[in-house]
Amino acid sequence: MAPTNDQSQHALPKTYMPSDHERRVWERWDAADAFHADPARVASGKAEPYCILIPPPNVTAPLHLGHGLNNTLQDVLIRAHRLKGFETLWMPGTDHAGIATQTVVDRRLKEAGKPALAEHKRMEAEGQNGREKFVAQVQAWKDEYEARITEQLKAMGCSCDWSRQRFTMDEHCARAVREAFFRLFKDGLIYRGKRLVNWDPVTQTALADDEVENVELDGHFYFLRYPLVHRVEPGDHNPVTWDELAQRGYPGAEEHPGDDEAWIAIATTRPETYLGDTAVAVNPSDPRAKALQGLFCQLPIIGRVVPIVEDEYVVKPVRYGGDENDPKAQTATGFLKVTPAHDPNDWEIGLRHKKAIETGCSAGTAVINVMAPDASISDKHGWEDVGDAHLFVGLSREDARSKVIEVFRAHTLNDNHPLLEEIKPHRHAVGHSYRSHAAVEPYLSDQWYCRVTDDRLRGSAQRAMKTSQRSSPTHPARPDHPADGALTFYPSRYAKTYESWHDNLRDWCISRQLWWGHRIPVWSRSTDDSAARLTPEMRDRLVLWAKKKGERVHITGRDVRTTPQEYLRDHDVDDQFICLLDEPTADDVKLLVDAGFTQDPDVLDTWFSSALWPLSTLGWPHEEPAPTAADQNDLPRLHPKQIDRGDSSEIRSIYVKRVHTWRGFIGEHDQPSGDLIEKLLPLRDRSQNSDLPPVLAYQLYSEKTIREHGDQAQPLLKPDEIQGATDLICAVAIKTDEPVELKDGPLEIEPFLQAHGFTRQPEIEPGLLGAFNPTSVLTTAREIITLWVSRMVMFNRYFLAEARNGPIPFDDVFIHAMIQDGEGRKMSKSLGNGVDPLDIIHSHGADAMRFTLVQMTTQTQDVRMPVETDPQTGKNTSPKFDLGRNLCNKLWNAARFALGMLGTGGAPPSASIEPEDLALVDRWMLARVARATRALDEAIDGYFFKDYADTCYDLLWRDFCDWYLEAIKPTVKDSPAQRAVLRHTLDAILRVLHPITPFVTESIYETLRNVDAPPIEGLELAPPRRGGLLATTGWPVASPDLLDDQAEARFERARSLITAIREIRAQHQVPPKRAIAFHPSAELLESIERDLELIKTLANLETVSPDVPDAPTAAFTFEGVEHRLSNLADAADAGAEKERLAKELADLDKSIKNLEGRLNNPGYVDKAPEKLVNQTRDELAKKRADRETVAAALGRL
RNA sequence: GGGCGCAUAGCUCAGUUGGCUAGAGCGCUGCCGUCACAUGGCAGAGGUCACAGGUUCGAGUCCUGUUGCGCCCACCA
């Protein structure tokens, strides 16, 4: 063998220092493009795709340990599949996280004493571009945090395809958002609605239902009295007396003095909303309802008269027939104040009784909003009959509540009954904004909604779920439609969350009154003011404009679907909406502004762009065919589809792989096309005729041809056609940034194109969508199953639908556990119990962190991680990470030892090695590798991450280090075959561990890959595909022939014997160095003859012979027979021996009793499987024999 | 109010379809400075599987109930 490189062994430090390796390894991966996925390999059938889209982290803050876990798991899947030969794409990116980021930046600006959101809003109102300036601040924040997040992910070793990183507000995503919005809008799935929304009075935006967190609070029930009156004109007072009520048959009326004014009592938790009451409701089956028909209530102070309506929704008090078991019935008065503008239920009641309320309520309307957007009481937002209630105006919600109570307490009816009847404590859930944590106000507001309850969205999401995971085989709403998808949750219990979310779905409020987000691409024109109606001329201009835009603009109104022409002609509608697919040009804007339109100031809910993630990141809506692999060095043919249809004065471009494609429009804007053509034609000719690789290609189309022929359009080729055309679209592909030599000197192509009005926009990669959507698995936290998973399914299916249901964006959804601290609390900034992944990477290394996290990932919903604060650094850490660090160190040292044994650059490989020619321990080791790879395959397929880590751990530590390396120490230097097994086993271990601990394995592989050894028959270890990197090698494939049952059983037997001997050694406190003598029975000696060297090595035996010397010995039982050891110590310790034997005897007695009991049970013998019963009998016989031997030994002492 | 989950060694957790004496890591005890690794080796102690019933030849595992935690959902009378 080659000289053992002792120097190199000693050059390696005894301890694995992650910081010495992680950067170098990362740079090697990066330099080799190791993680770049090529859709062409999928398209050409050379590789199966495997794709994961990162759940884009919010740019609000750096990543926390939960992200660390999630992304580690994804990387494990990605790296394992990359090794398994899949074409693997892990798409990275970040989320703009609208409300969250805007809130954080606002807060930071305030803390820094800089102009914050409020100031910017004022600037905007004053025409000083406040919006733009504020968004720039948020953008700067985003840039900083996106960079930090990227750095964190890279530090963790995440093998994303970093060349394709996306952001939910970048141009690709914006493009997808516009397309999606436009299509939904056109298809009637987005509409404008005025209704109650969850309003956050602090950030002053609407929230979706799922952005509201319910918090249990101690509140009160306030019982208020409303006097009953006859119909009166406002200001009049015509009370109803109890006598009158008694005559009308009102139960209980006689309990009151007959001349007194009668009242009814309502119970509320929010007395301040009484200012907006427009009715009082009673259950029609309440015995009092009939007597009240035709009567009214008069609201104190305000003087508003409101009708009494009958509605089944109202809970009857127990006394009047309510359900005793209903807690509501126990506190209910049977009367419900109806405040449609400030309570969702009341809103519904208001709708049901709209007419009756409008005619009965003295305000003449069913809806009275008494609050400003900051939730203070206001008479400027729909409240007109303020009356004597001015004292409330301007108060906050909380102050208004106290004031109302104060006033009701002070006012009395009949001089002795305060209007405040009672206050009872009441604990109830109150919605709070998940961002500002302010109590959410149900607030009347005009918002955009996505009609997710439509079957095209909700239905398709429900049908997507695999039948076996459903609680009902079909969706209730469409019993005739069975499942048509294979959406599967791991663990399966989360399927229920998904299912029930859809059952209770309501339309999704998608507009947010924020500045940070995708602006809603709708221009609207309110025609409330009749003077502002469209002039016929303006209408004609708009119609013409819309006609020219064709399919790229959609005009409609509130809940009305007509053709644009019809729509604009109709002067009765109150709102007009124009949705544009493309960013409007300056001309468009001018026209729209002239016509009185303004762009909607709102932005879209963050989740709208998140829902498009599987589409936008993969290039949708540009669906372009993948280039074939052979084309890679050529310029692509520029397909007309790549050229925007419609308004072509807009200039667009794309990249195709690393080829930059530019698009421009020639022949408008007084731009002389001649110059461009003159320059371009020779360029193309040069490219086509030269031996040099082509650097530029372009094609010219007439806009008209593209309009008429779409994808079938042919480019213009003849010079005269080109020169004559006035509507040329030019698509240019360039392959270099270098100047190109022309006759008249070098031409810098990009500046040249720019000068001609071309702009370059980010690349769209052909074929990504086709190759990688559907993706393979989504790995995420359970809290966003509803927010995100469902919506991705809906949108993917909707937008990719050829017919009814498009593909599901992923079949598998893995929901990982939540990391809590040692006390089971969520990790959070406010508790100070969070752990920063970078801190762990610094203290323990990325691999250590990853291993620990993977090892913790079981199928439970929470995992706990005891958090400790390092007293020196003040940083949080956890002792759990030592596990991972220790494992890396163990691997490092095992490799150090192995490499020392192997040397480097050894003998060239000869013929392959047949396993049957190998020593027992080698065959055993190979069998362990074979068994482990099988277990690991299963673990990966079923998302059993802990099993994966544990299997690796056992293979490396228990099998390879504890047994194999120890066993081969005396023999490996002289056995080339054993060295081959050592080399390849280590190689296989590196490969299977690589998905969890990529850095240390890659570091070791740098050396190991240069060590040659003959291959072993049945163990396939594919070489690296790129850059000599372990990350690009192949998964170890072990043939079933390596599963050697006999070798394993034989080794196990030797191992039991070794363990038995070691036990005696420990019992007698024999120092490890001391070699002892073993005296087996003659039979045992004969049966272990072959493996004697192995046993001697591992049990540290000096001699083995059946002859027991005349010296102190210790006895032990193996396979029911007594054997002896001698030379244990200079003096025998009879006491310890006795103690040990006594304990062994007791243990044996216990299990004998247990086994006998079982066999004496006739039920067991009759009913249990025969095999099991026989096993029990054998066991009992063995134990009895052992017992006899032990008892005899004990007797002799 | 509805749904889901958890309770196993001092700590953190495994324990697939019920089946030999319930496992791992950390911690603990003993021996070890040994020439891959003390971030290590060998050996060991430690568990009435929350509680009460039930099904079964057999229950940590299945069923019912109880207790204690945790999470999600639900239009706050």
Side-chain angles (χ1 to χ4, degrees), chain A residues 9 12 14-16 196 209-210 214-215 217 219 221-222 266-270 314-315 327-328 331-333 335-337 343-348 426 428-431 439-440 442 493-494 496-497 500-501 504 506 782-783 785-786 818 820 822 824-826 844 848 855-856 858 860-866 878-880 882-883 885-901 942 944 946-947 950 953-954 961-962 965-966 969 1059 1062-1063 1065-1067 1069-1073 1100 1147 1150-1151 1154-1155 1158 1161-1169 1172-1173 1175-1176 1178-1179:
Chain A
Q9 187 183 321
L12 290 175
K14 284 171 82 163
T15 306
Y16 172 67
L196 286 191
D209 293 341
D210 37 48
N214 286 303
V215 182
L217 286 183
F221 264 135
Y222 301 92
I266 54 93
T268 179
T269 55
R270 300 202 54 200
V314 181
V315 175
K328 260 187 192 169
T331 48
T333 65
F335 297 103
L336 188 64
K337 66 193 273 299
D343 183 284
N345 298 315
D346 295 6
W347 172 259
E348 296 295 326
H426 175 55
H428 60 143
V430 180
V440 160
R493 62 176 176 275
Y494 294 112
K496 195 149 192 165
T497 307
S500 57
W501 159 260
N504 303 314
R506 293 192 298 171
R782 66 176 176 278
E783 57 197 3
I785 291 173
T786 52
M818 302 276 280
Q820 303 174 332
R825 299 173 305 184
K826 241 180 173 170
H844 288 74
Q855 191 275 152
M856 285 172 64
T858 59
T860 54
Q861 64 177 18
D862 303 308
V863 292
R864 287 186 188 195
M865 166 153 302
S878 172
K880 285 210 147 197
D882 294 350
L883 166 70
R885 183 196 56 190
N886 297 354
L887 176 112
C888 292
N889 194 242
K890 191 71 178 176
L891 174 62
W892 179 253
N893 277 293
R896 212 158 64 91
F897 172 74
L899 290 169
M901 291 294 162
F944 297 114
K946 186 191 166 59
D947 291 357
D950 284 351
Y953 182 100
D954 288 341
C961 292
D962 289 353
L965 291 185
E966 294 303 326
K969 276 178 179 174
T1059 305
R1062 283 172 172 178
E1063 201 179 326
R1065 293 183 61 118
Q1067 216 82 51
Q1069 303 207 334
V1070 181
K1073 257 191 252 184
N1100 195 11
D1147 285 351
K1150 197 176 145 198
S1151 46
N1154 181 319
L1155 293 167
R1158 205 178 304 169
N1161 179 346
Y1164 178 68
V1165 180
D1166 293 348
K1167 293 186 186 170
L1172 195 66
V1173 175
Q1175 240 175 50
T1176 313
D1178 292 351
E1179 189 71 16

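The model shown is predicted, which means the values in this text are computed figures rather than measured ones. Letters go in sequence order (proteins before strands), and every chain restarts at 1.
For the side chain to side chain contact (heavy atoms under 4.5 Å, CB included) test, residues two or more places apart in sequence or in another chain that qualify with A:Q1175 are A:K1171, A:L1172. In this structure, the ring pair (Phe, Tyr, Trp, His ring centres under 6.0 Å) partners of A:Y953, at least two apart in sequence or on a different chain, are A:W957. For A:T1059, the side chain to side chain contact (heavy atoms under 4.5 Å, CB included) test picks out A:W963, A:R1055, with sequence neighbours left out. In this structure A:R506 satisfies the side-chain hydrogen bond (donor to acceptor under 3.5 Å, both in side chains) test together with A:D209, sequence neighbours excluded. In this view, A:F335 satisfies the ring pair (Phe, Tyr, Trp, His ring centres under 6.0 Å) rule with no residue, not counting sequence neighbours. Applying the salt bridge (charged side-chain N to carboxylate O under 4.0 Å, His left out) criterion to A:D954, with sequence neighbours excluded, gives no partner residue. Every residue two or more places apart in sequence or in another chain that forms a side chain to side chain contact (heavy atoms under 4.5 Å, CB included) with A:S1151 is listed here: A:K1183.
Across all strands shown, B:rG58 forms no Watson-Crick or G-U wobble pair with both distances under 3.5 Å. If you check B:rU64 for Watson-Crick or wobble pairing at under 3.5 angstrom, you find it paired to B:rA52. Look at B:rC42: its Watson-Crick or wobble partner, with both distances under 3.5 angstrom, is B:rG30.
At a threshold of 4.0 angstrom between heavy atoms, the contacts of A:C961 include nucleobase atoms, whether or not backbone atoms are also involved. A:L1172 comes within 4.0 angstrom of a base, heavy atoms only.
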The contact string for nucleotides 39-45 of chain B, one letter per nucleotide 5' to 3', using protein heavy atoms under 4.0 Å with B, S and - for base, sugar-phosphate only and none, comes out as BSSSSSS

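The CD-P distance, from A:Q1175 to B:rC20, rounds to 9 Å in whole Å.
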Pairs under 3.5 angstrom, nitrogen or oxygen only, protein versus nucleotides 13-18 of chain B, please.
residue	atom	partner	partner atom	Å
B:rC13	OP1	A:R864	N	2.7
B:rA14	OP1	A:T858	OG1	2.5
B:rA14	OP1	A:T860	OG1	3.3

